[in-house]
Amino acid sequence: MTDLVTLSDADLTLSVAPLGAEMQSFAKGGKELLWQGDPTWWSGRAPILFPIVGPAPGGRLRIDAFESEMAQHGFARQSQFLLEESSATSCRHVLIDSEATRAQYPFSFRLAVTHALEGGTLKVSADVINTGDAPLPFCLGFHPAFAWPLPGAEGQPHGVTLANKAEPALARINAGRLGDARLPSPFRGGKLTLAHEQFEADAMIFPEGAGTALSYGAEHGPRLDFTFENLPFLALWQKPGAPYLCVEPWHGMHALQGASAQLLERPGALSLAPGEGASFGYTVTPHL
């Protein structure tokens, strides 16, 4: 893949592509942790979701009187980013508005995605700046997929443990929209034992209460510890039976059932004033 940036720090290595500013590999001690995008299941690896999270109802983005075609999760994941800065341990890719983006989304913006390895931890951040003279409406999310099972944990049950020990209610997607019903939590005392059949009804979405930190992996073996910044919603997803788990922190989500298709009516949608910016990020610390 052309212009792939490779970072390393101690026993961590990371590679990032300019297409979508998407991670292609994340390994510790040579053991690959990131899903490798087998199209038999899902060709993505770690897309950046902008300016929407989830599909646009009917495939059409609506902002006030403006309407256009918009692919699921927005256009950033299929856009070429410019490498702005890189070093042995970090890189920053930038996407700015263009004639192509303005045809779908008539706003001026700067989206900078930074990947860094530091002290045994992967740090990923996204900074959005409104570079125009009108309010900038958007949602932003991360969609990284990790190996299930993790290397060294083959044959062991895997789970997700919330640091806040909460039991957040579950929400589901219906026909591309988020249902307003809240289902019983699959967590018990902050712990969820994963099973492929949990994803037969699509993603498990937790709009409230999942907190800012969790662990994914085997109970007494390899695990990944996560923290989240300015990302209040959590989704867990895989195609049922696939060998990966997506741990997805979001700010913004699907359009609600029964609500209009307007972007700003989505839960968590943001609007930045001219010149204003917002930052979002997550970290992953592997323990193998």
Could you pull out all residues at least two apart from Asp127 that satisfy salt bridge (charged side-chain N to carboxylate O under 4.0 Å, His left out)? none

Checking Phe228 now: which residues fulfil ring-ring contact (aromatic ring centres under 6.0 Å, His included) with it, not counting sequence neighbours? none

Just checking Phe187 against Phe206, ring centres under 6.0 Å apart? yes

Yes or no on side chain to side chain contact (heavy atoms under 4.5 Å, CB included) for Leu12 and Leu14, after CA distance, side-chain angles and deciding distance? CA-CA 7 Å; Leu12 295 183; Leu14 178 77; over 6 Å; no

Centroid separation under 6.0 Å, is that true for the rings of Phe138 and Phe109? no

Could you give all pairs that pass the salt bridge (charged side-chain N to carboxylate O under 4.0 Å, His left out) test and reach residues 23-43, with sequence neighbours left out? Asp11-Lys28

Rounded to the nearest 0.5 Å, what separates atom OG in Ser79 from atom CD1 in Ile48? 11.5 Å

Give the other cluster members for Val94, using side-chain heavy-atom distances under 4.5 Å between Ile, Leu, Val, Met, Phe, Trp and Tyr residues; answer none if it is isolated. Ile96

Which pairs would a plain distance check flag for residues 209-217, meaning a side-chain donor or acceptor within less than 3.5 Å of a matching protein atom at least two apart in sequence or in another chain?
| from | atom 1 | to | atom 2 | distance (Å) |
| --- | --- | --- | --- | --- |
| Ser215 | OG | Asp225 | OD1 | 2.5 |
| Tyr216 | OH | Ala147 | O | 2.7 |

List in chain and number order the residues that pass side chain to side chain contact (heavy atoms under 4.5 Å, CB included) with Glu118, two or more places apart in sequence or in another chain; answer none if no residue qualifies. Lys123

Starting from Leu82 and following side-chain heavy-atom contacts under 4.5 Å between hydrophobic residues (I, L, V, M, F, W, Y), which residues can be reached? none

Pairs involving residues 71-88, ordered by first then second residue, that meet salt bridge (charged side-chain N to carboxylate O under 4.0 Å, His left out) (sequence neighbours left out): Glu84-Arg92, Glu84-Arg110, Glu85-Arg92

Please list all pairs passing the ring pair (Phe, Tyr, Trp, His ring centres under 6.0 Å) test where one or both residues lie in residues 11-33, with sequence neighbours left out. none

I would like to know whether Phe142 and Phe226 meet ring-ring contact (aromatic ring centres under 6.0 Å, His included); could you show each step before the answer? CA-CA 13 Å; Phe142 297 96; Phe226 294 77; over 10 Å; no

Output side-chain donor-acceptor pairs under 3.5 Å for residues 67-75, partner residues at least two apart or in another chain, one line each.
| from | atom 1 | to | atom 2 | distance (Å) |
| --- | --- | --- | --- | --- |
| Glu67 | OE2 | Arg60 | NE | 3.1 |
| Ser68 | OG | Gln104 | O | 2.6 |
| His73 | ND1 | Gly54 | N | 2.8 |

Who pairs with Arg182 by salt bridge (charged side-chain N to carboxylate O under 4.0 Å, His left out), at least two apart in sequence or on another chain? Glu208

Counting only pairs under 3.5 Å, give me each side-chain donor-acceptor contact of residues 243-254, with atom names and distances, residues two or more places apart or in other chains.
| from | atom 1 | to | atom 2 | distance (Å) |
| --- | --- | --- | --- | --- |
| Tyr244 | OH | Lys239 | N | 3.2 |
| Glu248 | OE1 | Trp250 | NE1 | 3.2 |
| Glu248 | OE2 | His143 | NE2 | 3.4 |
| His251 | ND1 | Gly268 | O | 2.8 |

